[in-house]
Each structure stands twice: as structure tokens, then as C-alpha cells.
Amino acid sequence: QVGRTGVLTPVAHLEPVSVAGSVVSRATLHNEDEIKRLDVRIGDTVVLQKAGDVIPDIVRVLKELRTGHEKPFTWPKKVSACGGVGSIERIEGQSAWRCVSKNSYPQFKRKLYHFVGKHCFDIDGMGPKIVDALLDNKLISTYGDIFTLKRGDLLALPRFAEKSVDNLLSSIEKSKTVELARLITALSIPNVGEETAYDLAGQFKTLDELVGATKETLQNIDGVGEIVAQSIVNWFADKENKTVLNHLLKNIRIANTDPRQAQDKKLSLFGKTFVLTGTLSKMSRDE
């Protein structure tokens, strides 16, 4: 599986089995090193669990059940979904491989799914199927295009009624104003997740300050190491990224508020950290 930043994740295809209340047919194998650690092979019988009651995870291989017909998995030299000639490379200092090309179609689709998601621009009603339809009909080719869509564009799509079009356009309009942290998260900068995005927004206040930050300045932020700092500098220095970002900025407005700073420090839970995993009976983990 090709992720939005080009990182390759091996996925185990399983005979469907019920685990913790749902039927599972796939499980992540994380990376090449994990496959070697487990010594998992094609045709193996494995023990499966749901990590945190949510994510299917292979715990171990039942090697005593092997028949001799199992085949070791060979890590590919090329992956067609990476685009170009399909070249891949090992990420220095990490156990992951990634696409050499950063602009393949599968990567771009996943970036768009992420971009419109609830932790980024939170465009209600714009799920993967809608994104796919917009791409297939050549209505969008970059982030900023989402905010230039017109009623007539959407009505031309199959199975789009007037009510659903109006609802989607209303969601897009509402999402044009975005907090800086959400914008940073949405850009899919390698090694920059949601938590780091909030740290950056709290430090720099404006996008221009972040764009102009040096590697040394970034490394002074708690939680930002050399690899993350270099990723940020490289992303904003890239000519194509600059073009994409400038087009996006013409169609959105960055809100000045930092939701973390806006919290009332007198509240009893302020400054405390909680880790929630598994399922809760009456609300989602985000809630």
C-alpha cells in the first residue's frame, strides 16, 4: 500500500476471520523488518489481535502448522503504484521504504483524502468516493481547486442531486477558513503529524514565519528533531510545493486563533495529558 507521503506498507491478506466483533481480511505488517522479525510467509497460519481493540495486528506465526508449501515474501525492487518507473528507496535511519517519485496518482489521492478529513479542512460530505469522482472527471488537480468548484461542475457528476450539491458547496465554503495547525497538518509534510503541526502553529503564529524558519530554529522546538526539521525546510523549499501552496492560499483564509492557547487555564483538566485507546461506550476518542 502506498501512503500519502510515498511510504510503502506491506498488507497481509487473510482468510476472513472474526476478531473482537468484526470480520477482518487484512492486517498491516508495518514494514520489511517486521516481516523478517515474524518470519511470516505466504500461506502461513497466524495469530491475530486488534491492537487497542481497533487495528488488526499479526502477533506471531504458528510455524508448527507449516506444510512446507509456504513461500517467503520477497520485497519488491519496484512498485508500479509509485509512478514513473516505480523505483523505491529505503529511508535513511528508518525501517521504511518509500517511492522515489513523490507525485504518483495513488499518493495524490491519499493526500486529498487526508486534506479534506476531519483533522484537516474537515469538509463534511467530501469522502473518498467524492474525491475520486472529482479527480476522475478532471474537476480538481490540486488542493486549491476544491475551493473553486461551482454548482454546475458538481451537478454534472453522476448521482449528484441539487440538495447534495448545495450541502457540499456549503461545507466547502465553511471550510475556507482554517486554523494554522490544521493547514499544516493538511499539507502532508513528511514526518509532520497533527501533534507536531500544533507545536509549529503555537511557535510561529503565522504561515510566513514557518515558511521562513531555518532548520536550526525548528530544532529548538520541543519535539522537533533534525529529521523533522529537515523535512519541513525541504517541503517549503520545493518549487512545486510552493506553487500548490500559493494556489491554495488564494482560496482560503487562515484563522488567527490557536485552539490550545484559547483554552481557559483555570479549568481543572488544563495542562494534564490523557491517553485514550480502544473503544468508549458513548463517544469517539476525538470527542
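It should be emphasised that the depicted structure is a prediction, and the values quoted were computed from it without experimental measurement.
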Quiz item: For K176 and R253, what are the C-alpha separation, side-chain angles and deciding distance, and is it a side-chain contact (heavy atoms from CB on, under 4.5 Å)?
Solution: CA-CA 6 Å; K176 283 184 177 179; R253 186 177 74 85; over 6 Å; no
Quiz item: Between T206 and L180, is a side-chain contact (heavy atoms from CB on, under 4.5 Å) present by the stated rule, with each step listed?
Solution: CA-CA 7 Å; T206 70; L180 178 58; 5.6 Å; no
Return the minimal non-hydrogen interatomic distance between [X] and [Y], and the atom names on each side.
X    : Y    : value
S188 : T5   : O-CG2, 3.8 Å
L154 : F160 : O-CB, 3.4 Å
E179 : I254 : C-CG2, 4.5 Å
S171 : I123 : CB-CG2, 4.1 Å
I140 : L135 : O-CD2, 3.6 Å
A255 : T177 : CB-CG2, 4.0 Å

Inter-residue atom distance [X].[atom1] - [Y].[atom2], 0.5 Å rounding:
X    : Y    : atom1 : atom2 : result
F274 : K272 : CZ    : NZ    : 6.0 Å
K109 : S104 : NZ    : OG    : 10.5 Å
L249 : K242 : CG    : NZ    : 13.5 Å
E195 : L200 : CD    : CG    : 10.5 Å
W75  : I35  : CH2   : CD1   : 5.5 Å
C99  : E89  : SG    : CD    : 9.0 Å

State, yes or no, whether a side-chain contact exists between [X] and [Y] at a heavy-atom distance under 4.5 Å.
X    : Y    : value
L183 : L248 : yes
W97  : L8   : yes
V46  : L62  : no
V100 : I88  : no
R182 : E194 : no
L157 : N137 : yes
L207 : L245 : yes
I221 : T196 : no

Should [X] and [Y] be counted in the same cluster of Ile, Leu, Val, Met, Phe, Trp and Tyr side chains packed under 4.5 Å apart?
X    : Y    : result
I227 : V224 : no
V7   : L112 : no
I42  : V11  : no
V116 : V244 : yes
L134 : Y105 : yes

Mark yes or no for whether [X], through its side chain, and [Y], through its backbone, hold a donor-acceptor pair below 3.5 Å.
X    : Y    : answer
T185 : A181 : yes
Q107 : G83  : no
D145 : T142 : yes
N241 : W235 : yes
N251 : H247 : yes
H114 : H119 : no

Self-check item: Heavy atoms of other groups near N220 CG, more than 12 under 6.0 Å
Solution: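 It does: N220 CG has more than 12 such atoms within range.
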Quiz item: Counting only heavy atoms not in E64, do more than 12 sit closer than 6.0 Å to its CD atom?
Solution: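 For E64, atom CD is crowded (more than 12 foreign heavy atoms under 6.0 Å).
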Pairs under 3.5 angstrom only: tabulate donor-acceptor contacts from the side chains of residues 125-132 to other protein residues two or more places apart or in another chain.
from	atom 1	to	atom 2	distance (Å)
D132	OD1	Y113	OH	2.5
D132	OD2	Y113	OH	3.2

Any pair with a residue in [range] that passes disulfide (SG to SG under 2.5 Å), sequence neighbours left out, goes on the list, sorted by first then second residue, please.
range            : value
residues 152-256 : none
residues 159-245 : none
residues 114-214 : none

Applying salt bridge (charged side-chain N to carboxylate O under 4.0 Å, His left out), name anything that partners [X], two or more places apart in sequence or on another chain.
X    : result
K63  : D39
K118 : D286
R90  : E32, D33
K174 : none

Exercise. Please list, chain by chain and in numerical order, all residues satisfying side chain to side chain contact (heavy atoms under 4.5 Å, CB included) with N167, sequence neighbours excluded.
Key: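 Partners of N167 under the side chain to side chain contact (heavy atoms under 4.5 Å, CB included) test: K163.
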Practice problem: Kindly indicate, with the supporting measurements, whether the criterion side-chain hydrogen bond (donor to acceptor under 3.5 Å, both in side chains) is fulfilled by E173 and S170. | Solution: CA-CA 5 Å; E173 186 63 33; S170 176; over 6 Å; no
Quiz item: Which pairs count as salt bridge (charged side-chain N to carboxylate O under 4.0 Å, His left out) when at least one residue sits in residues 149-158, sequence neighbours excluded?
Solution: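 Counting only pairs at least two positions apart or across chains, the salt bridge (charged side-chain N to carboxylate O under 4.0 Å, His left out) contacts touching residues 149-158 are R151-E162, R151-D166.
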Exercise. Run the numbers on V2 and T9 for side-chain contact (heavy atoms from CB on, under 4.5 Å), then give the verdict.
Key: CA-CA 7 Å; V2 179; T9 302; over 6 Å; no
Self-check item: Test of ring centre spacing under 6.0 Å for F115 and F108
Solution: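 Here the rings of F108 and F115 have centres that are no less than 6.0 Å from each other.
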Review item, side-chain donor-acceptor pairs of residues 209-218, under 3.5 Å, at least two apart:
from	atom 1	to	atom 2	distance (Å)
T214	OG1	T217	N	3.1
T214	OG1	T217	OG1	2.8
K215	NZ	E226	OE2	3.2
K215	NZ	Q230	OE1	3.1

Exercise. Using the side-chain contact (heavy atoms from CB on, under 4.5 Å) rule, take I252 and F121 through it: C-alpha gap first, then chi angles, then the decisive distance, then the call.
Key: CA-CA 10 Å; I252 65 169; F121 275 76; 3.9 Å; yes
Could you tabulate the donor-acceptor pairs under 3.5 Å formed by side-chain atoms of residues 14-27, not counting sequence neighbours?
from	atom 1	to	atom 2	distance (Å)
S22	OG	K50	NZ	2.2

